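This report refers to the structure that appears directly beneath it.
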There are 2 protein chains.
Amino acid sequence: MREKSEETQKQILDAAKKIFASKGLAGARMQEIADEAGINKALLHYYYRNKEKLFEQVFEEAIHKLLGPVASFMADDSELFTKIRNLCHHYYAVLIEYPFIPIFVLNEASVNPDRFLRLMKFEGVMEAKDKTTKQIEQSINDGKIRPIDPRELLWNILSLCIFPIISRPVAGKLLYPDVEVSEVLKERADKVADFVIQSIKI
Amino acid sequence: MREKSEETQKQILDAAKKIFASKGLAGARMQEIADEAGINKALLHYYYRNKEKLFEQVFEEAIHKLLGPVASFMADDSELFTKIRNLCHHYYAVLIEYPFIPIFVLNEASVNPDRFLRLMKFEGVMEAKDKTTKQIEQSINDGKIRPIDPRELLWNILSLCIFPIISRPVAGKLLYPDVEVSEVLKERADKVADFVIQSIKI
DNA sequence: GTCTATAATTTGATAGAC
DNA sequence: GTCTATCAAATTATAGAC
């Protein structure tokens with residue numbers, strides 16, 4: 001079936017991504033990950049010395065996928081409404097694939113906020129944020145959007161992009177009992193962008 | 001130091017609250033809870049037969065504090081914008097006082113959505129939601145607000161009320177490095193209500 | 001590289017003295 | 001009611017054959 005190590009490695013990472021996503025770090029079982037990858041525990045440990053290392057791999061890859069583009073999107077020269085739309089789409093796309101990121105980051109952040117802050121600085125998020133902040137202020141001065149604290153606006157966008165992902169299991173059952181929530185989420189990026197733009201446009 | 005069982009019980013519940021909130025059910029260790037409570041594991045098991053039972057106790061108490069009043073607010077007969085404002089204020093008021101509840105609930109809800117759903121039904125959240133949903137639809141038909149899927153609107157309000165609380169440590173450092181975030185949060189309820197109403201009003 | 005079998009460790013839970 | 005000591009089960013991790 002499988003011939004190469006690279007192939008197995010990918011299977012492991014995909015399996016780990018899936019299990020970590022639904023169970024979290026503590027709740028995930030190495031056996032379950034091995035099963036999902038179609039191999040056994042021993043081989044899993046052969047590829048990744050321990051569970052912690054495996055998680056680090058998946059997590060850092062995920063963070064990079066999330067924050068790298070966020071910084072790029074915020075730092076580019078597109079018009080404000082376009083930028084908001086791009087940001088929403090990106091957040092939803094990545095977080096649907098790595099839904100465990102927010103909860104894990106938030107858990108860690110409550111214990112050690114500086115660790116995540118360091119990662120954000122490394123990815124260039126701070127400068128990107130400053131640039132977007134200036135852009136928002138400029139848009140207000142130009143009479144393009146109503147007055148609003150840029151920090152407030154950014155926090156709102158983050159809330160509307162991230163919270164639905166982490167609340168998906170319960171909100172899905174509460175609000176969308178008869179629909180496939182993953183489908184709802186896919187369409188939600190654009191609707192959230194609309195919601196934000198509706199709120200700030202003159 | 002301790003004389004009575006009631007006192008010990010409270011210490012246990014407070015400790016469990018704290019540990020479960022930061023580690024989740026799977027991540028929490030009975031030893032750690034015992035340490036935090038200033039007792040030993042055996043005594044912990046004397047008060048609560050097993051970890052599951054202890055968790056149930058803490059979880060249900062937290063849910064009740066959060067959802068009971070929410071259901072009342074949603075079920076009352078106030079006008080839509082007033083209701084939105086009330087909801088935002090209530091969420092912020094309660095969650096500023098009990099900031100551990102959301103992470104705690106979301107952690108577990110991701111793993112076991114049905115447990116949370118059962119509690120929501122018990123607290124009467126479903127009926128309250130249905131009533132507010134009808135109210136939103138009526139407001140759209142009356143031309144009072146722009147067309148929007150009620151589920152989408154409710155999910156947005158929840159996001160804007162809950163996410164800032166759980167992201168406070170990291171968002172605070174990112175967005176408000178030189179300000180006291182607790183002060184920002186206190187004023188935020190009204191601003192969030194404004195943001196939502198601005199987005200949906202005609 | 002991949003497997004089976006097993007060691008080592010963690011941790012929830014209990015027995016029994018005081 | 002509270003403790004020390006210990007068991008039993010679950011789970012991570014490794015040894016060693018192929």
Side-chain angles (χ1 to χ4, degrees), chain A residues 1-62 100 103-104 107-108 111, chain B residues 1-62 100 103-104 107-112 115:
Chain A
M1 191 66 79
R2 297 170 302 286
E3 306 87 10
K4 302 218 61 180
S5 144
E6 194 125 336
E7 174 66 15
T8 302
Q9 174 127 351
K10 181 175 170 12
Q11 286 175 303
I12 290 176
L13 287 178
D14 283 348
K17 207 182 341 182
K18 181 174 173 181
I19 304 300
F20 282 139
S22 62
K23 305 290 179 68
L25 172 56
R29 296 288 160 251
M30 292 296 267
Q31 183 63 61
E32 198 175 358
I33 293 173
D35 291 346
E36 178 72 29
I39 59 172
N40 60 40
K41 271 194 301 180
L43 192 57
L44 185 54
H45 277 89
Y46 174 77
Y47 277 78
Y48 295 91
R49 180 177 306 279
N50 56 41
K51 187 166 139 180
E52 190 74 20
K53 284 269 187 295
L54 175 56
F55 184 82
E56 283 288 335
Q57 176 76 22
V58 175
F59 180 71
E60 282 176 16
E61 187 183 313
F100 59 86
I103 283 187
F104 186 80
N107 273 337
E108 287 300 301
V111 179
Chain B
M1 189 68 79
R2 297 173 300 284
E3 306 86 11
K4 300 216 62 179
S5 140
E6 194 126 334
E7 174 66 15
T8 301
Q9 174 127 351
K10 181 176 171 9
Q11 285 176 305
I12 290 176
L13 286 178
D14 284 347
K17 221 185 296 187
K18 180 174 173 182
I19 303 300
F20 281 140
S22 62
K23 306 292 179 68
L25 173 56
R29 298 289 159 247
M30 293 296 268
Q31 184 62 61
E32 197 176 358
I33 294 173
D35 290 346
E36 178 73 29
I39 59 172
N40 59 42
K41 271 196 301 183
L43 193 57
L44 184 54
H45 277 89
Y46 174 78
Y47 277 79
Y48 295 90
R49 181 175 306 280
N50 56 42
K51 188 168 144 179
E52 188 75 18
K53 283 271 187 295
L54 175 57
F55 182 81
E56 285 286 340
Q57 177 75 20
V58 176
F59 185 72
E60 286 177 14
E61 189 182 312
F100 64 90
I103 282 187
F104 179 58
N107 261 330
E108 260 351 281
S110 306
V111 178
N112 187 353
R115 172 174 9 216

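For clarity, every value in this text was computed on a predicted model and none was experimentally measured. In what follows, every chain begins at residue 1, and chains take the letters A, B, ... in the order their sequences are listed.
Among the heavy atoms of the strands, none lies under 4.0 Å from A:Ala34. Counting any heavy atom pair closer than 4.0 Å across all strands shown, B:Asn40 reaches a base atom. Within 4.0 Å (heavy atoms only), B:Ala28 reaches sugar-phosphate atoms of the nucleic acid but no base atom.
Look at CG on B:Leu44: it is 12 Å from C1' on D:dT2, rounded to the nearest Å.
For the OP1/OP2 pair of C:dT2 and a distance below 4.0 Å, the side-chain nitrogens and oxygens of A:Thr8 include at least one atom meeting the criterion. Within the 4.0 Å cut-off from OP1 or OP2 of D:dA10, not a single side-chain nitrogen or oxygen of A:Arg29 is found. One finds a side-chain N or O of B:His45 lying less than 4.0 angstrom from the OP1 or OP2 phosphate oxygen of C:dA13. For B:Tyr47 and D:dT2, the shortest distance from a side-chain N or O to OP1 or OP2 is below 4.0 Å.
For B:Ser5, taking side-chain heavy atoms from C-beta onward, the closest of the listed nucleotides D:dG1, C:dG12, D:dT4 is D:dG1.
Of the charged side-chain nitrogens involved, none lies within less than 4.0 Å of a carboxylate oxygen, so that B:Lys18 and B:Asp14 do not count as a salt-bridged pair. Between B:Glu52 and B:Arg115 there is a salt bridge, since at least one side-chain N of the basic residue sits less than 4.0 Å from a carboxylate O of the acidic one. Between A:Lys23 and A:Glu32 a salt bridge is recorded (basic side-chain N to carboxylate O distance below 4.0 Å).
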